[in-house]
Amino acid sequence: MSSSQEIKLGQEAFAQVLQKEKIVTSGKKYEMVQRVGEKVALAADRLYPEAVRGYKWKFALIQDNDMVNAWALPGGKCAVYTGLLPVAKNEDGLAIVMAHEVAHVIARHGAERASHSMIGAAGVAGMAMTDMDKRDKLIVLSAYGLGVALPFSRTQESEADQLGLYIAAEAGFDPREGIPLWRRMGKENKGAPLEFMSTHPSSTTRIQQQQQ
């Protein structure tokens, strides 16, 4: 899957998702997401210019207090759910989550997962989402954490954690806030994994990795 194809798919998927969700467009929470997102985007541009070439960053805040989650798509299209904000607690915590999601895009984890999922299916080279059949569209959407979840591997999650800390620090946020953030995430699950945490290393494991 080429980078340009990834960007096109990301744009189409972003538009589809926003049509179905209630989007917050004003207020302090919206302003915070925009402020943090802009700093994270500028940091990603500085650290990984080739990986984000051609990106047009956009950050949406989705009204859903039960969803403790965020995601990013190729092309710089990102979303945060309002349910994440109390757990993130502050701008440093929010930046670490947002930078983690941006790191997945920079490392092209979605493309890896989509390609692996489509082995044995029709190739996607040169195809836009509108050219694909329903099965292939679902695979692509799932690969970026939308629709039916196909989990990233724990290796990919650990890589996104590491790259995300670099991005957050470059953006001027305190990467040490990642440790209390994951502690709060661990307490929040109340016996069942959060959407954001369900396919990730345990809070204890990622805290140990981040301390290193």
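Residue numbers start at 1 and run along the sequence shown. Here the structure is a predicted model, which is why all the values come from computation and not from measurement.
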Undergrad: Where is the tightest heavy-atom contact between G76 and Y55, given as atom of each residue plus distance?
TA: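 That closest heavy-atom pairing would be N-CD2, 3.3 Å.
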Undergrad: With sequence neighbours left out, write down each residue that passes side chain to side chain donor-acceptor pair (under 3.5 Å) with Q19, or none if nothing qualifies.
TA: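 Partners of Q19 under the side chain to side chain donor-acceptor pair (under 3.5 Å) test: none.
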Undergrad: Taking C-beta and beyond as the side chain, do D66 and Y81 meet within less than 4.5 Å on heavy atoms?
TA: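 Contact flag for D66/Y81 side chains = no.
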Undergrad: Check whether the side chains of E157 and H109 place a donor and an acceptor atom closer than 3.5 Å, and report yes or no.
TA: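 Distance-only check fails for E157 and H109.
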Undergrad: Could you pull out the closest heavy-atom pair between G93 and L181, with the gap in Å?
TA: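 What the structure gives for the nearest pair is O-CD2, 3.8 Å.
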Undergrad: To the nearest 0.5 Å, how far apart are CG in L84 and CG in L61?
TA: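 It comes to 9.5 Å.
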Undergrad: Using side-chain contact (heavy atoms from CB on, under 4.5 Å) as the criterion, list what pairs up with P180, not counting sequence neighbours.
TA: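 Once residues adjacent in sequence are excluded, the partners of P180 under the side-chain contact (heavy atoms from CB on, under 4.5 Å) criterion are E177, R184.
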Undergrad: Under the salt bridge (Lys or Arg N to Asp or Glu O under 4.0 Å) rule, what pairs show up with a residue in residues 50-59, not counting sequence neighbours?
TA: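 Found E50-R53.
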Undergrad: Taking all non-hydrogen atoms of both residues into account, name the closest pair between A43 and I167 and its distance.
TA: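 Looking at all heavy atoms of both residues, the shortest contact is CB-O, 3.4 Å.
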Undergrad: If the condition is ring pair (Phe, Tyr, Trp, His ring centres under 6.0 Å), which residues does Y48 pass it with, not counting sequence neighbours?
TA: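 Per chain and number, Y48 pairs via ring pair (Phe, Tyr, Trp, His ring centres under 6.0 Å) with no residue.
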Undergrad: Kindly give the heavy-atom pair with the smallest separation between F14 and A60, and that separation in Å.
TA: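 That closest heavy-atom pairing would be CZ-CB, 4.0 Å.
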Undergrad: With heavy-atom distances below 4.5 Å as the criterion, would you say the side chains of F173 and V36 are in contact?
TA: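 When only atoms from C-beta onward are counted, V36 and F173 do touch, with a gap below 4.5 Å.
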Undergrad: Among residues at least two apart in sequence or on other chains, which ones pass salt bridge (charged side-chain N to carboxylate O under 4.0 Å, His left out) with D45?
TA: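 D45: no salt bridge (charged side-chain N to carboxylate O under 4.0 Å, His left out) contacts found.
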Undergrad: As an exercise, state the distance from CH2 of W182 to CG of D161, rounded to the nearest 0.5 Å.
TA: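 Spacing of CH2 (W182) from CG (D161) equals 5.5 Å.
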Undergrad: To the nearest 0.5 Å, how far apart are OG1 in T82 and CG in N69?
TA: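 It comes to 11.5 Å.
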Undergrad: Drop me the distance from K77's NZ to L18's CG, to the nearest 0.5 angstrom.
TA: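 Reported to 0.5 Å precision, the distance equals 10.5 Å.
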Undergrad: Less than 4.5 Å apart, side chain to side chain, heavy atoms only: is that true for M67 and I62?
TA: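 With C-beta onward as the side chain, the pair stays apart.
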Undergrad: If the condition is side-chain contact (heavy atoms from CB on, under 4.5 Å), which residues does Q162 pass it with, not counting sequence neighbours?
TA: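 Counting only residues at least two positions away or on another chain, Q162 forms a side-chain contact (heavy atoms from CB on, under 4.5 Å) with Y166.
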Undergrad: Any link between L42 and V105 through a network of hydrophobic side chains (Ile, Leu, Val, Met, Phe, Trp, Tyr) touching at under 4.5 Å?
TA: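 No, it is not one cluster - the side chains of L42 and V105 are not joined through contacts under 4.5 Å.
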Undergrad: For residues M32 and V40: do they belong to one hydrophobic cluster (side chain heavy atoms under 4.5 Å, members Ile, Leu, Val, Met, Phe, Trp, Tyr)?
TA: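 Yes, M32 and V40 fall within the same hydrophobic cluster.
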Undergrad: Can you see which heavy atom on I96 is nearest to which on G178, and at what distance?
TA: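 Shortest heavy-atom contact: CD1-N, 3.1 Å.
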Undergrad: Could you label the plane-to-plane angle of the H100 and H104 rings as parallel, tilted or perpendicular, counting under 30° as parallel and over 60° as perpendicular?
TA: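 Plane angle over 60°, so perpendicular.
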Undergrad: Just grab all the side-chain hydrogen bond (donor to acceptor under 3.5 Å, both in side chains) pairs involving residues 25-42, residues at least two apart or on different chains.
TA: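 Only R35-E91 qualify under side-chain hydrogen bond (donor to acceptor under 3.5 Å, both in side chains).
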Undergrad: Can you list the residues that meet the side chain to side chain donor-acceptor pair (under 3.5 Å) rule with E21, with sequence neighbours excluded?
TA: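 Once residues adjacent in sequence are excluded, E21 has no partner under the side chain to side chain donor-acceptor pair (under 3.5 Å) criterion.
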Undergrad: Which distance, rounded to the nearest 0.5 Å, do you find between the CD of Q11 and the NZ of K8?
TA: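 Going from CD on Q11 over to NZ on K8, the span is 7.0 Å.
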Undergrad: Which residue pairs pass the salt bridge (Lys or Arg N to Asp or Glu O under 4.0 Å) test with at least one member in residues 165-175, sequence neighbours excluded?
TA: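 Pairs touching residues 165-175 that pass the test: R46-E170, D174-R176.
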Undergrad: State the CD-CD1 distance between E159 and I106, to the nearest 0.5 angstrom.
TA: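 Nearest 0.5 Å value for the CD-CD1 distance: 10.5 Å.
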Undergrad: Do L73 and C78 make a side-chain contact, defined as non-hydrogen atoms from C-beta onward lying under 4.5 Å apart?
TA: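 L73 does not reach C78 side chain to side chain.
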Undergrad: Determine, stepwise, if the pair M185 / V68 fulfils side chain to side chain contact (heavy atoms under 4.5 Å, CB included).
TA: CA-CA 9 Å; M185 286 283 197; V68 183; 4.2 Å; yes
Undergrad: Shortest non-hydrogen contact from A44 to V102?
TA: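 Closest heavy-atom pair between A44 and V102: CB-CG1, 4.1 Å.
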